[in-house]
Amino acid sequence: MRRDFVANVSHEIRTPLTVMSGFIETLQSLPLQPQERDHYLGLMEVQALRMQDLVNDLLILSQLEGNSLPSTNDAVDLPSMMSTIESEARGLSAAQREEGEPEHVIEIVVPQGLKLLGAAKELHSAISNLVNNAVRYTPAGGQITATWDVLPDQRIQLSVVDTGPGIASEHLPRLTERFYRVDRSRSRESGGTGLGLAIVKHVMQRHGGELKIESELGKGSKFSLIFP
Ligand code: ADP
């Protein structure tokens with residue numbers, strides 16, 4: 001497992017690195033106009049950001065593995081966390097929208113005053129991964145709804161529902177594996193590291209909760225977090 005993981009990480013880093021080296025060579029060897037140079041620098045920036053995202057996610061994962069279980073004494077205020085996550089999602093949606101495309105409809109439903117015992121940073125990471133994935137994989141104009149509910153047995157549930165492409169059932173059991181992607185190029189184009197759902201699964205295990213994934217091709221997806 002460790003060998004596979006190292007091979008995967010090396011591959012993930014090598015791809016943007018190769019692209020970037022190519023651009024550096026171009027800049028060094030061709031007499032470019034300022035406009036062309038800016039174009040190449042922009043493309044290099046995209047690759048550098050990709051490596052940065054990857055390293056950030058790897059660090060989050062290694063912290064989750066290394067640290068002791070989160071204190072459950074922290075009461076995290078969900079409405080305020082959700083409002084931060086909502087603005088991040090709107091920013092991401094605006095950044096990925098092409099000119100002339102309709103906006104995503106993003107709706108957040110959270111009962112006033114709802115609090116959850118757990119580690120704020122980890123919970124933020126898990127929830128924003130789900131909401132951001134919904135934005136990244138749902139085409140322009142689609143709808144994303146994140147709803148918090150208190151279940152009849154007093155457990156707390158977050159459901160993130162999107163009207164995106166959905167996921168074929170054979171992929172569902174593997175989605176939380178590190179670097180498992182249904183569509184590699186779509187994941188990369190939208191800035192994916194392939195580690196998001198692995199992080200979500202880890203955070204949920206550490207909080208004694210579970211991640212549930214329901215999806216149907218062409219009908220969108222529903223990712224739920226259930227906390228004890
Ligand atoms: P990535 O960085 O590639 O998005 P994740 O671990 O977050 O990695 O997700 C793993 C894969 O699950 C994605 O590559 C994508 O194929 C699929 N996926 C995740 N969320 C959604 C969604 N809301 N709609 C469709 N596919 C999704």
Side-chain angles (χ1 to χ4, degrees), residues 1 4-5 8-9 11-16 46-65 85-86 88-93 95-97 103-108 122-147 157-206 210-225:
M1 263 180 83
D4 278 356
F5 181 61
N8 277 329
V9 172
H11 176 76
E12 296 287 335
I13 291 179
R14 191 166 56 189
T15 312
V46 172
Q47 300 303 321
L49 289 175
R50 220 176 107 184
M51 288 192 275
Q52 222 167 56
D53 286 344
L54 179 63
V55 171
N56 282 342
D57 276 359
L58 285 169
L59 285 174
I60 292 178
L61 263 181
S62 89
Q63 272 168 9
L64 288 174
E65 283 178 339
I85 287 172
E86 181 177 359
E88 287 166 5
R90 289 191 190 282
L92 180 66
S93 161
Q96 80 171 26
R97 187 157 56 99
E103 290 181 29
H104 281 127
V105 180
I106 300 176
E107 195 187 356
I108 308 280
E122 293 182 21
L123 293 174
H124 184 280
S125 177
I127 299 164
S128 66
N129 261 307
L130 293 187
V131 175
N132 291 348
N133 275 355
V135 170
R136 286 171 46 231
Y137 292 106
T138 301
Q143 175 146 7
I144 292 118
T145 313
T147 312
Q157 170 171 311
L158 167 70
S159 303
V160 180
V161 177
D162 67 54
T163 57
I167 304 161
S169 59
E170 69 262 28
H171 296 292
L172 296 181
R174 301 198 56 190
L175 289 184
T176 58
E177 288 174 23
R178 290 162 188 206
F179 301 118
Y180 188 87
R181 295 154 164 129
V182 176
D183 180 339
R184 218 154 245 285
S185 59
R186 188 182 232 143
S187 158
R188 290 235 171 87
E189 275 160 28
S190 62
T193 61
L195 295 174
L197 292 178
I199 292 175
V200 176
K201 186 181 168 187
H202 244 290
V203 170
M204 291 314 287
Q205 276 171 353
R206 288 164 59 82
E210 58 175 303
L211 162 67
K212 215 165 81 185
I213 308 175
E214 296 154 273
S215 189
E216 210 180 314
L217 262 187
K219 296 214 169 132
S221 310
K222 177 176 176 181
F223 289 77
S224 308
L225 302 181

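Every number for a ligand or one of its atoms is a count from 1 in the order of the listing. We count residues from 1, following the sequence as given.
- Residue I167 touches ligand 1 through its side chain alone, judged by heavy-atom distances below 4.0 Å.
- Going from atom NE2 of H202 over to atom CG of L197 covers 13.0 Å, rounded to the nearest 0.5 Å.
- In summary, the atoms of ligand 1 found under 4.0 Å from a heavy atom of S221, numbered by their order in the structure, are 24 (N).
- The number of heavy-atom neighbours closer than 6.0 Å to CD of E103, taken from other residues, nucleotides and ligands shown, is 12 or below.
- Protein heavy atom in closest approach to atom 12 (O) of ligand 1: L175 CD2, 3.4 Å.
- Within the 4.0 Å heavy-atom cutoff, N129 does not count among the residues contacting ligand 1.
- Residues R186 and E189 are not paired through a salt bridge, judged by the lack of any N-O separation under 4.0 Å between the basic side chain and the carboxylate.
- Counting protein heavy atoms only, atom 3 (O) of ligand 1 is closest to S187 OG, 2.6 Å.
- Put simply, NZ on K201 and CZ on R178 are 9.5 Å apart, with the number rounded to the nearest 0.5 Å.
- One N or O on the side chain of D162 and one on the backbone of S221 form a donor-acceptor pair closer than 3.5 Å.
- With rounding to the nearest 0.5 angstrom, the CG atom of L130 is 6.5 Å from the CG atom of L158.
- Looking from atom 16 (O) of ligand 1 to the surrounding protein, the closest heavy atom is V182 N, 3.1 Å.
- Nearest non-hydrogen protein atom to atom 9 (O) of ligand 1 is L197 CD1, 3.5 Å.
- When only interatomic distances are considered, the shortest N/O to N/O separation between G196 and ligand 1 falls below 3.5 Å.
- If you take CZ on R206 and CD on E122, they are separated by 4.0 Å, rounding to the nearest 0.5 Å.
- Considering each of A134, G192, G164, G194, the one bringing a non-hydrogen atom nearest atom 8 (O) of ligand 1 is G194.
- Of the protein's non-hydrogen atoms, the one nearest atom 19 (C) of ligand 1 is N133 ND2, 3.7 Å.
- Here the heavy atom of the protein found nearest to atom 10 (C) of ligand 1 is Y180 O, 3.4 Å.
- Looking only at atom types and distance, the side chain of D57 has a donor-acceptor partner in the side chain of T193 under 3.5 Å away.
- Classification of R90 and E107 as a salt-bridged pair fails, no side-chain N sitting under 4.0 Å from a carboxylate O.
- A donor-acceptor pair under 3.5 Å is formed between the side chain of S215 and the backbone N or O of I167.
- Here T176 has no heavy atoms under 4.0 Å from ligand 1, in either its backbone or its side chain.
- Each of the atoms 2 (O) of ligand 1 lies under 4.0 Å from some heavy atom of T193.
- Ranking the protein heavy atoms by distance from atom 23 (N) of ligand 1 puts D162 OD2, 2.8 Å first.
- For atom 14 (O) of ligand 1, the closest heavy atom belonging to the protein is Y137 OH, 3.1 Å.
- Residue R136 places a heavy atom less than 4.0 Å from ligand 1.
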